[in-house]
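Heads up, the thing below is written out as structure tokens.
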Amino acid sequence: MQELVKVAFLGITGVLLAIQFKGQKPEYGTYVGLAVGILVFGYALRQVEAVAGQLGKLRIYLNGAEGYLTVLLKVIGITYICEFSADVCKDAGYQTVAGQIEVLGKLSVMFAGLPVLFAVIEQIQSFM
């Protein structure tokens, strides 16, 4: 909980600092926003590592179905990376590039989930 409060204050401080720079030198505001975003993203990656450790324990209970967990982790990673990248582009004023990154992320998630869809279809067909 304390770490979350620290990251929240870092984010708020970075935004207030970026606002101060935007009036005089807009590019500095973008750089400050990008730097704070990278710091927060780094913290989020540490949290993902902790969650991945717990998911390792979950693999014991899956009994051979670890592929589903792998797909889940890939999808989560794709989502975070695309969202972060798109938000940075939006903050820099490049909404078109951000939109394309979001489309790429959606397609990547869909592609990553296809093996699960095929497994479900095979399971349904085996009952018929």
Side-chain angles (χ1 to χ4, degrees):
M1 181 69 173
Q2 290 177 345
E3 292 291 320
L4 182 60
V5 171
K6 289 178 188 177
V7 171
F9 279 127
L10 173 69
I12 292 169
T13 304
V15 167
L16 292 175
L17 188 62
I19 289 171
Q20 291 297 320
F21 281 121
K22 275 201 174 189
Q24 300 162 354
K25 300 248 183 191
E27 62 275 7
Y28 288 169
T30 302
Y31 297 147
V32 169
L34 181 62
V36 170
I38 290 172
L39 290 172
V40 171
F41 188 70
Y43 174 76
L45 285 179
R46 285 191 288 165
Q47 296 299 334
V48 169
E49 288 175 5
V51 170
Q54 293 298 320
L55 290 176
K57 294 179 184 177
L58 182 62
R59 286 180 193 252
I60 297 168
Y61 299 110
L62 291 176
N63 292 332
E66 290 91 4
Y68 297 124
L69 190 58
T70 303
V71 170
L72 176 66
L73 291 176
K74 283 182 186 178
V75 167
I76 290 171
I78 290 167
T79 304
Y80 281 136
I81 290 169
C82 289
E83 184 177 351
F84 176 75
S85 302
D87 287 345
V88 168
C89 292
K90 286 178 186 175
D91 287 345
Y94 294 94
Q95 282 78 11
T96 304
V97 176
Q100 295 303 317
I101 291 172
E102 289 171 350
V103 168
L104 174 66
K106 291 173 185 174
L107 290 173
S108 297
V109 166
M110 184 179 72
F111 183 72
L114 284 178
V116 175
L117 176 63
F118 292 143
V120 169
I121 290 172
E122 287 177 10
Q123 193 71 20
I124 291 172
Q125 287 181 341
S126 71
F127 290 130
M128 294 182 167

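These values consider heavy atoms only, across backbone and side chains, with no hydrogens, waters or symmetry-generated copies. Quick note: residue numbers are just sequence positions, from 1.
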Original post:
Can you find a pair of side-chain heavy atoms, one from Val15 and one from Val36, that are under 4.5 Å apart?
Top reply: no
Original post:
Can you tell me if Tyr31 and Glu27 form a side-chain donor-acceptor pair at under 3.5 Å?
Top reply: no
Subject >> Gap between atom CZ of Phe41 and atom CD of Glu83 - 0.5 Å precision >> reply: 10.0 Å
Original post:
Roughly how far, to the nearest 0.5 Å, is CG of Leu17 from CD1 of Ile12?
Top reply: 13.5 Å
Original post:
Would the number of heavy atoms belonging to other residues, nucleotides or ligands and lying under 6.0 Å from OH of Tyr80 be above 12?
Top reply: no
Subject >> Nearest heavy atoms of Ala18 and Gly33, plus distance in Å >> reply: CB-N, 4.4 Å
Original post:
Which heavy atom of Gln95 sits nearest a heavy atom of Lys90, and at what distance?
Top reply: NE2-O, 3.6 Å
Subject >> Atom pair OG1/NZ of Thr13 and Lys6 - distance to nearest 0.5 Å >> reply: 13.5 Å
**OP:** Look only at the side chain of Ser126 and the backbone of Gln123, and say whether a donor-acceptor pair between them is shorter than 3.5 Å.
**Re:** yes
Original post:
Under 4.5 Å between side-chain heavy atoms, hopping through other hydrophobics if needed: is there a path connecting Val88 to Ile81?
Top reply: yes
Original post:
Looking at OG1 of Thr96 and CD1 of Ile101, how far apart are the two atoms once the value is rounded to the nearest 0.5 Å?
Top reply: 11.0 Å
Subject >> Exercise: identify the closest heavy-atom pair between Ala86 and Ala98 >> reply: O-CB, 3.3 Å
Subject >> Spatial distance of atom CZ (Phe84) from atom SG (Cys89) [nearest 0.5 Å] >> reply: 10.0 Å
Original post:
Is Ile121 linked to Phe111 within one hydrophobic cluster, defined over Ile, Leu, Val, Met, Phe, Trp and Tyr using a side-chain heavy-atom separation of less than 4.5 Å?
Top reply: yes
Subject >> Path from Val109 to Val71 over hydrophobic side-chain contacts below 4.5 Å >> reply: yes
Original post:
Can you tell me how far CG of Leu114 sits from CE of Met110, rounded to the nearest 0.5 angstrom?
Top reply: 6.0 Å
Subject >> Ala112 versus Ile78, closest heavy-atom pair with distance >> reply: CB-CD1, 4.3 Å
